[in-house]
S.K.: 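Sharing a structure, written as structure tokens. Questions coming.
All values below were derived from every heavy atom in this structure, side-chain atoms included, with hydrogens, water molecules and symmetry-related copies excluded. So you know, we letter chains A, B, ... as the sequences are listed, proteins then strands, and number each from 1.
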Amino acid sequence: MFKAPRGTADTLPEEQPYWRYIQDKALELCRLYGYGCISTPAFEDAGLFARSVGEGTDIVNKEMYLFKDRSDNELALRPEGTAPVCRAYIEHGMDNLPQPVKLFYFADIFRYERPQAGRYRQHHQFGCEAIGDPSPVLDAEVINMALNFFTSLGLVNFSLQLNSIGCRKCRPGYLQKLKEYYAPLAPQLCADCQVRLDKNPLRLLDCKKPGCQAAADEAPKSSDYLCDECAQHFASLGTYLTALGVRYVLNHRLVRGLDYYTRTVFEIQPAEGGSQSALGGGGRYDDLIALIGGKSTPAIGFATGMERIVLNLVNQGITVPPAEKPAVFIACMGGNARVEAVKLAAKMRDAGIAVISSSGERSLKAQLRHANAAGASYAAIIGEDEVKAGVVMLRNMESGEQQEMQPGDLIKLAGNGQ
RNA sequence: GUGAGUGUGGCCCAGAGGCCUAAGGCGCCAGGUUGUGGCCCUGGUUAUCGAGGGUUCGAAUCCCUCCACUCACCCCA
């Protein structure tokens, strides 16, 4: 027996309304903010991610689906959505468009991780990227957009965690301070953190181990070591967020696991849920485009996990519009009736009416049972009597009332009910 | 990659070495009305008890290995 690969899932018709709901809200959000849809390949040159996400990150180190194609190209299933969009921005000369260029996407994301609640090897992200504008006004707008998205979904009790991790100019100095602070504490740190101290000191801050937490609480804060430009950017962002009425939590331990972030980083956390429960996150990545071969271009974006949103919608008991039910179920008995049923179904669909047509192989009882289970508003019944009279018997499935009518009248009636 | 828990028909689950050629509920199918659903009643349907090996006269039940799922660590969406 074949099964869906570990960490992947089938989304069956009954759960589709949640996805449809989220997509509709996302589309409306992007319309309001002027974002255009972009689709990029599910796989890219592996180097794109190694270069942008960072050689030292977990995503690149141990989570990428890497493979060679038959021409020996080194490819990777995309482990995140930002780098491919930036690659497309460069490749299609979007720097010639009015800046910033605003793009959104729905993308399958692949990471070889141990599956868990809200964590999959293939998951789906909705993300937005605004490329080509360095202003903190844009940071505020993007953050507000992300929050509005969750609000429009009906979600409550989530918080915005915010931090600035500086830029190429000031971060080295901060990292130095961080190392100096941590050096004497090294013996008390967990094994992972011993390694981080040398390789990726920023990540020391978000270790969840009790011993390391204590150390991290007292650690130097990146926001205290920003250069003048970064400090001013961060201060302005605060002003705009306040102007927008956005409440945020300054979290100096928020650093994110992708190397390309600069200055603003943020995460949206639900009040309840497991530890890997971030609903979404993002930040500014002013160096990324130059890093992968474009000219220096500032940018900011965010992404959210569709599966995690569904999880939270269900947990919070938010109801979504149900899938559309068929207006009419056509039941028939006998060969002549079957021909009429086939013709009627075709006519009704031409008229835009949703119809389920029975093949008529089973008893009328069975056909009506099917009509009921399908949630049809009406059942159109055609037997030999109806064929002779040139009519159909229309049964209201809710009231049980039924009457004979001309096929043309039936189409009018059902069409109005749509 | 690490740790813990779980694994019985499509789904939920009973079952604690012999009464299990595995019970019940949901679902599905058929019948109860020679052409009528939803409720009710009747009958039927689907399980080599995750896989492999072992202990035993005897294993769904005990042991081992593997696999998968769930949860946590880690990381993030």
S.K.: Under a 3.5 Å distance rule, please check whether A:Arg308 uses its side chain to pair with a backbone N or O of A:Gly118 as donor and acceptor.
M.R.: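 Yes, A:Arg308 side chain to A:Gly118 backbone: donor-acceptor pair under 3.5 Å.
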
S.K.: Under 3.5 Å, is there a donor on one side chain and an acceptor on the other for A:Ser159 and A:Gln161?
M.R.: yes

S.K.: Rounding to the closest angstrom, what is the interatomic distance between B:rG52 and B:rG9 at atom P?
M.R.: 15 Å

S.K.: Just call it for A:Phe126: base, sugar-phosphate, or nothing, with non-hydrogen atoms closer than 4.0 Å on any strand.
M.R.: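 No contact at all - A:Phe126 keeps every heavy atom at 4.0 Å or more from the nucleic acid.
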
S.K.: Going by atom types only, do A:Asp139 and A:Tyr240 share a side-chain donor-acceptor pair under 3.5 Å?
M.R.: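 Judged by distance alone, the side chains do not pair up.
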
S.K.: Taking B:rC13 as the reference, what is the distance to B:rA22 when you measure between their C1' atoms (whole Å, please)?
M.R.: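 Nearest-Å result for B:rA22 against B:rC13 at atom C1': 13 Å.
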
S.K.: Quick one: label A:Gly7 by what it contacts on the DNA or RNA (base, sugar-phosphate, nothing), any heavy atom closer than 4.0 Å.
M.R.: sugar-phosphate

S.K.: Base, sugar-phosphate, or nothing for A:Gly127, non-hydrogen atoms under 4.0 angstrom?
M.R.: nothing

S.K.: Take atom CZ of A:Arg6 and atom C1' of B:rU70, then tell me their distance rounded to the nearest Å.
M.R.: 10 Å

S.K.: Tell me which nucleotide among B:rC74, B:rG31, B:rU36 gets nearest to the side chain of A:Gln116.
M.R.: B:rC74

S.K.: For B:rC69 and B:rA23, measure between their P atoms and round to the nearest Å.
M.R.: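 It comes out at 29 Å once rounded to the nearest Å.
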
S.K.: To check you understand the geometry: which heavy-atom pair defines the closest contact between A:Gly293 and A:Ile90, and what is its length?
M.R.: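 Scanning both residues completely, I find the closest heavy atoms to be C-CD1, 4.3 Å.
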
S.K.: Please tell me which of A:Glu80 and A:His370 maps to the more 5' nucleotide of RNA chain B, matching each residue to the nucleotide holding its nearest heavy atom.
M.R.: A:His370

S.K.: Please name the nucleotide paired to B:rC74 by Watson-Crick or G-U wobble geometry with both distances under 3.5 Å, or report none.
M.R.: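 Because no pair has both required distances under 3.5 Å, B:rC74 counts as unpaired.
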
S.K.: Given B:rC73, B:rU36, B:rG35, identify the nucleotide with an atom nearest to the side chain of A:Glu386.
M.R.: B:rG35

S.K.: Looking only at side-chain atoms of A:Glu113, point me to the closest of B:rC75, B:rU70, B:rG37.
M.R.: B:rC75

S.K.: In the structure shown, which nucleotide is the Watson-Crick or G-U wobble counterpart of B:rG17, with both distances under 3.5 Å?
M.R.: none

S.K.: Contact class for A:Leu279 vs. all strands (heavy atom < 4.0 Å): base, sugar-phosphate, or nothing?
M.R.: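 The residue A:Leu279 makes sugar-phosphate contact but no base contact.
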
S.K.: Give a yes or no on this: more than 12 heavy atoms of other residues, nucleotides or ligands lie within 6.0 Å of atom OH of A:Tyr181.
M.R.: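 Atom OH in A:Tyr181 is packed in, count exceeds 12.
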
S.K.: Suppose we define a pair by two distances each less than 3.5 Å, Watson-Crick or G-U wobble; what does B:rG24 pair with here?
M.R.: B:rC12

S.K.: If the P atom of B:rA16 is compared with that of B:rC63, how far apart are they to the nearest Å?
M.R.: 15 Å

S.K.: In whole Å, I'd like the distance from the CD1 atom of A:Ile330 to the P atom of B:rU36.
M.R.: 20 Å

S.K.: To the nearest Å, give me how far apart CG (A:Leu368) and C1' (B:rU36) are.
M.R.: 5 Å

S.K.: Between A:Gln122 (CD) and B:rA77 (P), how many Å, whole number?
M.R.: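 Checked: the CD to P distance equals 16 Å.
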
S.K.: Contact class for A:Gln402 vs. all strands (heavy atom < 4.0 Å): base, sugar-phosphate, or nothing?
M.R.: base

S.K.: Base, sugar-phosphate alone, or nothing: which one does A:Ala371 contact when heavy atoms must sit under 4.0 Å apart?
M.R.: nothing

S.K.: If we call it a pair only when both distances are under 3.5 Å in a Watson-Crick or G-U wobble match, what pairs with B:rU56?
M.R.: none

S.K.: Report the nucleotide, chosen from B:rC75, B:rG37, B:rA77, that has the shortest atom-to-atom distance to any side-chain atom of A:Asn372.
M.R.: B:rG37

S.K.: When only distance counts, do a donor and an acceptor, one from the side chain of A:Lys3 and one from the base of B:rG50, lie under 3.5 Å apart?
M.R.: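 No, no donor-acceptor pair under 3.5 Å.
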
S.K.: Write down the atom of A:Val85, the atom of A:Tyr105, and the distance for their closest heavy-atom approach.
M.R.: CG2-CD2, 3.7 Å

S.K.: Which of these nucleotides, B:rA77, B:rU36, B:rA30, is closest to any side-chain atom of A:Arg369?
M.R.: B:rA30

S.K.: What integer number of Å spans the P atoms of B:rC20 and B:rA72?
M.R.: 40 Å

S.K.: Flag as yes if A:His123 stacks onto the base of B:rA77 (centroids under 5.5 Å, planes under 30°), otherwise no.
M.R.: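 So A:His123 counts as stacking on the base.
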
S.K.: Please report the shortest heavy-atom distance between A:Gln316 and A:Leu155, naming the atom on each side.
M.R.: OE1-CA, 3.5 Å

S.K.: Provide the distance between the two C1' atoms, one in B:rU48 and one in B:rU42, to the nearest whole Å.
M.R.: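 Going atom to atom, C1' in each nucleotide, I get 31 Å.
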
S.K.: Which nucleotide sits closest to the side chain of A:Ala366: B:rC74, B:rG32, B:rA30?
M.R.: B:rA30

S.K.: Report which part of the nucleic acid A:Ser363 touches: base, sugar-phosphate, or nothing (heavy-atom distance under 4.0 Å, all strands).
M.R.: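 The residue A:Ser363 makes sugar-phosphate contact but no base contact.
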
S.K.: Rounding to a whole Å, what distance do you find between A:Phe329:CZ and B:rG35:P?
M.R.: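 From A:Phe329 CZ to B:rG35 P: 17 Å.
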
S.K.: When you measure from the side chain of A:Arg114, which nucleotide among B:rA72, B:rC74, B:rA77 comes out closest?
M.R.: B:rA72

S.K.: What is the separation between atom OH on A:Tyr261 and atom C1' on B:rA77, rounded to the nearest whole Å?
M.R.: 10 Å

S.K.: Which base, if any, makes a Watson-Crick or G-U wobble pair with B:rA51, both distances under 3.5 Å?
M.R.: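 Base partner found: B:rU65.
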
S.K.: Under a 3.5 Å cut-off for both contacts, is B:rG43 paired Watson-Crick or G-U wobble with anything, and if yes, with which nucleotide?
M.R.: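 Across any shown strand, B:rG43 pairs with B:rC29.
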
S.K.: When rounded to the nearest Å, what value does the distance between C1' atoms of B:rG27 and B:rU46 take?
M.R.: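 One C1' to the other, the span is 11 Å.
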
S.K.: Send over the distance from A:Met333 CE to B:rG35 C1', rounded to a whole Å.
M.R.: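 Nearest whole value for this atom pair: 5 Å.
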
S.K.: With sugar-phosphate meaning primed atoms plus P, OP1 and OP2, does A:Glu307 contact a base, only sugar-phosphate, or nothing at under 4.0 Å between heavy atoms?
M.R.: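 Nothing, no nucleic acid heavy atom in range.
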
S.K.: With respect to the side chain of A:Ala117, which nucleotide from B:rG35, B:rA77, B:rC71 is positioned closest?
M.R.: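 Looking only at side-chain atoms, A:Ala117 lies closest to B:rC71.
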
S.K.: Using only side-chain N and O atoms of A:Arg256, determine if any of them is under 4.0 Å from OP1 or OP2 of B:rA77.
M.R.: yes

S.K.: Centres of the A:His124 and A:Phe106 rings: under 6.0 Å?
M.R.: no

S.K.: Would you kindly check if the NZ (Lys) or CZ (Arg) of A:Arg78 is within the cone defined by 45 degrees around the ring axis of A:Phe49 and under 6.0 Å from the six-membered ring centre?
M.R.: no

S.K.: Grab the CG-C1' distance between A:Asn61 and B:rC74 for me, whole Å please.
M.R.: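 The distance from CG of A:Asn61 to C1' of B:rC74 comes to 13 Å, rounded to the nearest Å.
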
S.K.: Give me the distance, rounded to whole Å, that separates B:rU6 from B:rG10 when you measure between the P atoms they each carry.
M.R.: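 These two P atoms come out 23 Å apart once rounded.
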
S.K.: Starting at the 5' end of RNA chain B, which residue's closest nucleotide do you reach first, A:Arg362 or A:Ile381?
M.R.: A:Arg362

S.K.: Taking donor-acceptor contacts at under 3.5 Å, does the side chain of A:Arg119 reach the base of B:rC74?
M.R.: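 Such a pair is found, so the answer is yes.
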
